[in-house]
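Residue numbers start from 1 in every chain, and the chains themselves are labelled A, B, ... in the order their sequence lines are given, proteins ahead of strands.
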Amino acid sequence: MSERKPLFLHVPEPGCRPGDTPDFSDFVIPRAGEVRCPAIDAAPEDIRDMAFSIVRVLNKEGEAVGPWAGRLDSETLLHGLRHMMTLRSFDARMLQAQRQGKTSFYMQHLGEEAVSCAYRMALSDGDMNFPTYRQAGLLIAGGYSMTAMMNQIYSNASDPLKGRQLPVMYSSREHGFFSISGNLGTQFIQAVGWAMASAIAGDTKIASAWIGDGATAESDFHAAMVFASTYKAPVVLNVVNNQWAISTFQGLARGNAGTFAARGHGFGIPALRVDGNDYLAVHAVAAWAAERARSGLGPTLIEHVTYRAGGHSSSDDPSAYRAKGEATAWPLGDPIDRLKRHLVRLGVWSEERHAQAEAEILDEVRNCQKAAEKNGTLVSGPAPSPKDMFEDVYAEMPPHLARQRQEAGF
Amino acid sequence: MSERKPLFLHVPEPGCRPGDTPDFSDFVIPRAGEVRCPAIDAAPEDIRDMAFSIVRVLNKEGEAVGPWAGRLDSETLLHGLRHMMTLRSFDARMLQAQRQGKTSFYMQHLGEEAVSCAYRMALSDGDMNFPTYRQAGLLIAGGYSMTAMMNQIYSNASDPLKGRQLPVMYSSREHGFFSISGNLGTQFIQAVGWAMASAIAGDTKIASAWIGDGATAESDFHAAMVFASTYKAPVVLNVVNNQWAISTFQGLARGNAGTFAARGHGFGIPALRVDGNDYLAVHAVAAWAAERARSGLGPTLIEHVTYRAGGHSSSDDPSAYRAKGEATAWPLGDPIDRLKRHLVRLGVWSEERHAQAEAEILDEVRNCQKAAEKNGTLVSGPAPSPKDMFEDVYAEMPPHLARQRQEAGF
Amino acid sequence: MIEAIRNAHDIAMERDERVVVFGEDAGYFGGVFRCTAGLQKKYGKNRCFDAPINESGIVGAGIGMAAYGLRPVVEIQFADYVYPAYDQIVSEAARLRYRSAGQFTCPMVIRMPTGGGIFGGQTHSQSPEALFTHVSGLKVVVPSNPVDAKGLLMAAIEDPDPVIFLEPKRLYNGPFNGHHDRPIVAWKSHPMGEVDDGYYTTPLGRAAVRRAGGDVTVLAYGTMVHVAEAAADERGVDAEVIDLRTLLPLDMETIETSVKKTGRCVVVHEATRTSGFGAELCALVQEKCFFHLEAPVTRVTGWDTPYPHAQEWAYFPGPDRVGRALTQVLEG
Amino acid sequence: MIEAIRNAHDIAMERDERVVVFGEDAGYFGGVFRCTAGLQKKYGKNRCFDAPINESGIVGAGIGMAAYGLRPVVEIQFADYVYPAYDQIVSEAARLRYRSAGQFTCPMVIRMPTGGGIFGGQTHSQSPEALFTHVSGLKVVVPSNPVDAKGLLMAAIEDPDPVIFLEPKRLYNGPFNGHHDRPIVAWKSHPMGEVDDGYYTTPLGRAAVRRAGGDVTVLAYGTMVHVAEAAADERGVDAEVIDLRTLLPLDMETIETSVKKTGRCVVVHEATRTSGFGAELCALVQEKCFFHLEAPVTRVTGWDTPYPHAQEWAYFPGPDRVGRALTQVLEG
Ligand SMILES: Cc1ncc(C[n+]2csc(CCOP(=O)(O)OP(=O)(O)O)c2C)c(N)n1
Ligand SMILES: Cc1ncc(C[n+]2csc(CCOP(=O)(O)OP(=O)(O)O)c2C)c(N)n1
Ligand SMILES: [Mg+2]
Ligand SMILES: [Mg+2]
């Protein structure tokens with residue numbers, strides 16, 4: 001055998017790091033309206049290209065263009081804008097509350113509001129989401145009480161989860177929002193199981209699974225793909241590619257090659273990428289995938305291309321690992337700005353009304369916060385009972401737990 | 001919302017079950033020589049079609065044709081034939097030994113001999129395989145002692161694994177054969193780790209990972225794909241699609257859609273399918289992938305398309321779940337027959353020499369068996385010491401184990 | 001015992017539409033141990049089906065189904081292969097009710113063959129029960145005979161919480177007392193081998209006294225119940241053999257009553273010793289019965305090594321080792 | 001303690017080219033707790049790098065590297081997230097030497113932050129040590145201070161077998177005795193907080209007596225060592241506090257000597273009680289010291305529930321609960 005050159009380890013690196021100038025020039029973005037809209041029963045092998053493109057509706061001028069446009073009336077869009085603005089305002093207040101020491105932890109959605117807010121509008125009551133910690137828009141757009149969310153964040157006496165869960169790990173069966181786990185990826189296969197159950201029961205409800213770009217590396221992502229494809233489960237599999245997983249960029253989870261959407265191809269699962277900062281595009285793609293699921297055509301994989309403009313959580317400072325200004329350099333813009341511009345262009349919205357709405361929303365959020373703080377915060381006021389700590393481990397408390405509760409003195 | 005039809009669960013079924021007539025008519029097989037041979041540094045996205053085709057070299061007439069042909073001289077091929085015949089003979093004897101009660105368990109390779117035998121010839125000394133229980137051809141073609149293998153199968157006093165492992169769970173570091181695990185899939189990511197280590201150390205050795213069609217559903221398959229693509233590890237990822245995983249057909253592991261090779265596409269890993277019953281094709285594809293790995297071009301995914309002609313193991317009777325005659329209906333034929341025909345056609349082999357070789361091999365296998373049985377079988381003769389049971393749990397025996405050994409009386 | 005387990009599935013599926021059964025090879029073929037044979041044919045592919053080989057997927061999908069409102073009963077082909085599903089079991093199934101404050105629950109049964117004695121080597125012989133008894137939110141059941149297996153499985157399927165159901169595979173085809181060199185005995189010759197055809201449940205959390213005795217209490221479950229009985233018989237020891245049946249929650253009352261009476265206790269299991277379930281039993285017995293104990297609680301267990309193939313019977317805690325421990329505890 | 005751990009990595013990488021370090025966020029950023037900060041810069045991306053978020057992959061790849069001949073030191077971001085890697089740890093790392101009769105070995109360290117006290121809720125607070133002590137072939141280490149953390153980590157990296165290295169995260173920034181409402185103390189004010197800059201190892205398998213005493217033995221590890229010391233001090237109890245440091249293999253000699261002297265024993269850990277490592281300690285102590293014991297061995301532990309967020313301090317076995325147990329055992 002000939003002399004060989006020594007091998008070396010390839011470790012992918014993001015385009016820029018602290019100190020560098022952000023540069024997204026090799027991120028290929030199709031023009032809005034450019035990508036076709038196939039029939040919902042299109043053969044997966046005929047739309048493979050869509051896993052390497054990006055469905056976009058809103059162009060730079062704020063027009064809705066192309067085959068995915070024209071599905072929502074302006075009233076619905078105004079609601080949508082309000083949902084996103086509310087989520088952003090909610091986040092800002094709660095991050096501040098965390099900074100003030102009123103709770104232990106917080107995670108915001110800055111820059112990603114369109115994904116969960118628009119998606120929710122494509123679902124029906126009774127459908128179930130299996131979310132991560134970064135889809136609270138599903139609750140806001142779904143009409144869940146902000147005060148209840150804050151009660152959870154404060155782990156106070158009115159926390160629907162009795163103080164047991166870390167802030168933002170909401171759960172609301174009624175609002176189609178499965179209990180969030182701290183363990184990444186586990187929900188992805190659970191969503192498939194829920195969808196299988198709906199199919200087994202001859203129901204008409206569908207499930208939606210959610211996962212981050214980084215967490216696609218987890219093994220349960222694979223389990224979900226296998227089960228979804230095998231049983232053609234009525235589930236929409238959503239990957240939210242917000243470019244970062246704490247300090248690691250999305251290329252690390254895929255060797256800087258392929259796309260997350262293309263993971264579907266090995267399973268015969270139709271896969272699309274969508275501009276996650278484009279409310280109309282997210283909604284259109286979600287509706288398409290939901291329709292497929294409801295029609296018995298099985299799973300769809302959607303990669304939402306977006307950007308995590310804030311820190312990973314209240315414990316994180318991204319300036320240690322990513323370039324300053326990356327968020328502003330992000331080429332898909334801000335989801336609220338983009339929808340706002342569209343609505344202004346449609347003539348149903350204006351800068352003034354926007355400013356006014358912002359003030360109204362802030363007021364509403366503040367009022368909710370006040371109401372929630374009456375029920376206590378993590379550090380003061382009414383709190384869940386330590387007695388509750390022993391409940392719900394089982395439906396019925398077994399003798400050893402009853403003894404422990406007694407030992408604990410509660 | 002309009003009235004919806006109830007959903008239903010889709011459960012894939014094989015084309016035929018016991019009582020049916022085997023039918024492979026919708027299994028699309030390209031002609032031998034038809035599939036192109038790309039440069040080893042071809043961009044993964046330019047060879048995506050190869051994950052949906054099958055590289056074949058030997059045609060029906062026994063000719064080696066097309067761009068993957070002509071890489072092995074007839075002497076090497078004669079060795080190859082002998083390896084496969086030896087493996088088949090070895091299997092037959094050991095299955096019989098199990099039936100005679102000389103050991104607890106056995107697993108054979110019937111119909112799949114080309115995969116591991118041909119593959120081994122594309123490797124260099126020092127390369128490491130992370131095999132499953134169905135690649136003993138790597139040992140046979142690699143010159144490992146059949147008597148040692150039998151000692152392991154018999155768990156006798158000379159068993160290199162000291163009686164600890166189930167039969168066929170061989171290990172030989174020296175022969176580049178990693179200790180087989182009973183747990184499906186775990187070795188796939190370990191192989192990637194070994195390859196990463198070779199790269200970290202600036203070595204020139206490569207790893208080969210092996211997994212069955214059924215076991216691709218395991219999560220560690222995904223872990224391996226993620227790590228292999230992220231670090232461009234010098235590893236060849238082999239899926240042996242022998243159509244069955246105990247009683248479930250390969251469609252169950254992939255929703256009867258896509259191909260196992262296509263799993264590579266979501267990771268930007270080049271992927272090929274090869275006729276696993278074609279010694280020349282397996283060797284050519286293996287050499288191509290090994291060359292890629294050695295040249296620092298990273299992983300390749302190979303799907304070997306073959307057929308498990310025997311039962312899953314000595315505990316299994318396939319007549320309970322698959323149609324009689326499926327093995328003979330299998331359209332890719334028998335690997336030994338096909339190579340034999342090629343060699344006859346080349347004029348370097350004949351029916352007579354084949355019959356003679358069969359007899360010689362049987363003799364050799366029998367002699368090895370006799371030698372092994374002198375060291376004992378599972379049920380009689382010399383056996384490993386129960387003392388050995390306590391060794392190798394740790395490098396150094398900790399006090400509690402020493403006490404237990406004493407308690408055990410050894 | 002296989003027929004009893006199959007029958008429990010059958011009755012549960014008949015009585016409750018929400019019961020669905022799946023696992024590797026569990027559908028068309030009916031499982032490598034045939035515990036689900038015939039169910040697909042009778043109830044359709046919708047309710048009994050093959051699963052891809054992904055244990056995390058099997059349990060994870062089961063959790064989703066249970067959250068929807070079904071009652072999944074899943075099979076892990078061997079207990080040795082449950083580890084890939086460990087995260088889904090520990091982090092998800094066990095805590096779902098708690099973390100959602102009862103909004104979502106997980107009534108699921110996870111069945112798996114456990115234990116050695118069939119020359120299965122290190123990956124077909126393990127007894128991982130202690131890895132589940134440490135997990136709050138799970139119930140853990142180990143039957144020792146067909147009558148219980150059916151009743152306990154029925155109760156497990158009806159239970160509102162996740163149940164780990166470990167089936168000692170060496171008992172599938174008959175009682176086994178550890179005398180591997182004697183002829184095989186069939187269940188029909190055993191009092192607990194004759195199973196009622198109809199519906200019944202055996203409540204979780206209750207132990208059974210298999211052999212009454214006054215001198216020493218033996219705590220055992222699964223295969224080891226039979227080994228303990230044999231050891232006591234052979235040594236002529238007046239031992240009270242308690243079959244725990246459910247490890248979590250544990251029937252401490254029955255244990256306490258017996259040990260307070262006998263003053264001596266031997267704990268037997270096939271799993272490795274360190275941090276095995278026997279440790280918890282020792283801890284509890286000395287906590288609750290300290291002033292009644294006349295000798296240390298003694299453990300007879302598998303050794304702290306992987307389960308070897310050739311040395312299977314040197315590893316297995318057979319009647320000889322249990323018998324020696326009985327004698328020693330009585331003398332000590 | 002963070003700096004001690006970082007420093008141990010640094011020295012090990014300096015001394016031995018085979019040492020490689022990786023984990024989620026462990027490369028460029030240096031880990032969410034900063035335990036690997038600066039290593040990538042110093043040793044290059046080849047030897048310290050970020051891993052994709054797949055714990056099974058991290059451990060599985062580590063096993064392959066170890067089999068090749070490297071010495072991987074991997075970080076699991078929180079012990080709560082180790083379960084996806086459980087199969088690779090239990091079925092593979094732990095048994096590789098055994099099943100290959102020494103042909104392949106697995107000298108790997110798997111580090112992870114463990115324990116509560118930082119309002120991390122159920123998935124940032126767990127103490128899963130007992131799930132590893134049941135696994136033959138593993139070593140399990142829990143340091144309680146910076147001096148030990150460095151020495152034990154160094155020893156673990158040099159060890160020829162896989163080591164689970166659990167770092168009590170509440171101790172990262174200072175000793176913590178459970179009085180969460182008092183000002184935070186820094187390590188520099190603690191005798192075990194001052195770490196030698198150079199190379200040294202603290203042997204695995206040896207406990208340390210942290211507080212000598214004659215009336216009762218307290219067995220603890222990690223954070224609970226400090227809690228136990230505080231409890232004894234506050235109640236004025238003449239307790240001997242033993243810091244186990246290595247749980248597997250266990251330093252039974254030190255334990256036995258102490259309990260035979262005191263005749264009383266309290267076991268403390270933060271993990272849930274049932275089948276926790278405390279059970280094994282109780283079992284061993286009563287096995288070895290039965291005739292010296294004047295009271296049952298008593299456990300003070302986390303409750304058998306998931307670790308709650310708001311009720312953290314009601315869950316945590318603080319100095320009050322430990323103190324009460326001490327008094328009780330002395331009176332009992
Ligand atoms: C099993 C598991 N491993 C590790 C973690 C720690 N962790 C929490 S969030 C996170 C990053 C996730 O990134 P991504 O999936 O991209 O989601 P994003 O935060 O960007 O929304 C990590 C590593 C965890 N929660 N669970
Ligand atoms: C983790 C795990 N789950 C289940 C099994 C049981 N099992 C052994 S072999 C097998 C089928 C594997 O089929 P495939 O991967 O296609 O390989 P083949 O036997 O066809 O070579 C199964 C389910 C196992 N060994 N390990
Ligand atoms: Mg992300
Ligand atoms: Mg197969």
Inset, instruction - Can you tell which part of D:Leu293 gets under 4.5 Å to a heavy atom of chain C, answering side chain, backbone, both or neither? - result: both
Inset, instruction - Would you mind checking which part of D:Gln126 comes under 4.5 Å of any heavy atom in chain C, side chain (CB onward), backbone (N, CA, C, O), both or neither? - result: side chain
Inset, instruction - In sequence, state the C-alpha distance, the side-chain angles, and the governing distance for D:Glu256 and D:Lys261, and then conclude on salt bridge (Lys or Arg N to Asp or Glu O under 4.0 Å). - result: CA-CA 8 Å; D:Glu256 223 176 306; D:Lys261 175 178 74 178; over 6 Å; no
Inset, instruction - Test the C:Arg321-C:Trp303 pair against the cation-pi criterion, namely NZ or CZ under 6.0 angstrom from the six-membered ring centroid and within 45° of the ring axis. - result: yes
Inset, instruction - May I ask you to check whether C:Phe78 and C:His124 place their ring centres under 6.0 Å from each other? - result: yes
Inset, instruction - For this output row, return yes or no: ring centroids of C:Phe119 and C:His309 closer than 6.0 angstrom. - result: yes
Legend entry - Partner of D:Val218 by side-chain contact (heavy atoms from CB on, under 4.5 Å), out of D:Thr262, D:Thr298, D:Leu326, D:Val267: D:Leu326
Need one label for [X]: side chain, backbone, both or neither, based on atoms under 4.5 Å from any heavy atom in chain D.
X: C:Leu284; result: both
X: C:Leu247; result: neither
X: C:Val90; result: side chain

Inset, instruction - Would you check if C:Ile110 and C:Pro162 make a side-chain contact, meaning some heavy-atom pair closer than 4.5 Å? - result: no
Closest-packed option against chain D by number of heavy-atom pairs under 4.5 Å, given [options]:
options: C:Ala283, C:Pro306, C:Gly121; value: C:Pro306
options: C:Gly276, C:Ser275, C:Gly278; value: C:Ser275
options: C:Phe132, C:Tyr83, C:Phe290; value: C:Phe290
options: C:Lys288, C:Glu287, C:Gln122, C:Gln286; value: C:Gln286

Legend entry - Shortest non-hydrogen contact between D:Arg206 and D:Arg245, atoms and distance: O-NE, 3.0 Å
May I ask you to name which of [options] has the most heavy-atom pairs under 4.5 Å with chain C?
options: D:Cys282, D:Ala94, D:Ser56, D:Pro84; value: D:Pro84
options: D:Phe277, D:Tyr81, D:Tyr86; value: D:Tyr86
options: D:Val135, D:Thr133, D:Thr123; value: D:Thr133

Legend entry - Partner of D:Tyr221 under side chain to side chain donor-acceptor pair (under 3.5 Å), chosen from D:Glu270, D:Glu129, D:His269: D:Glu129
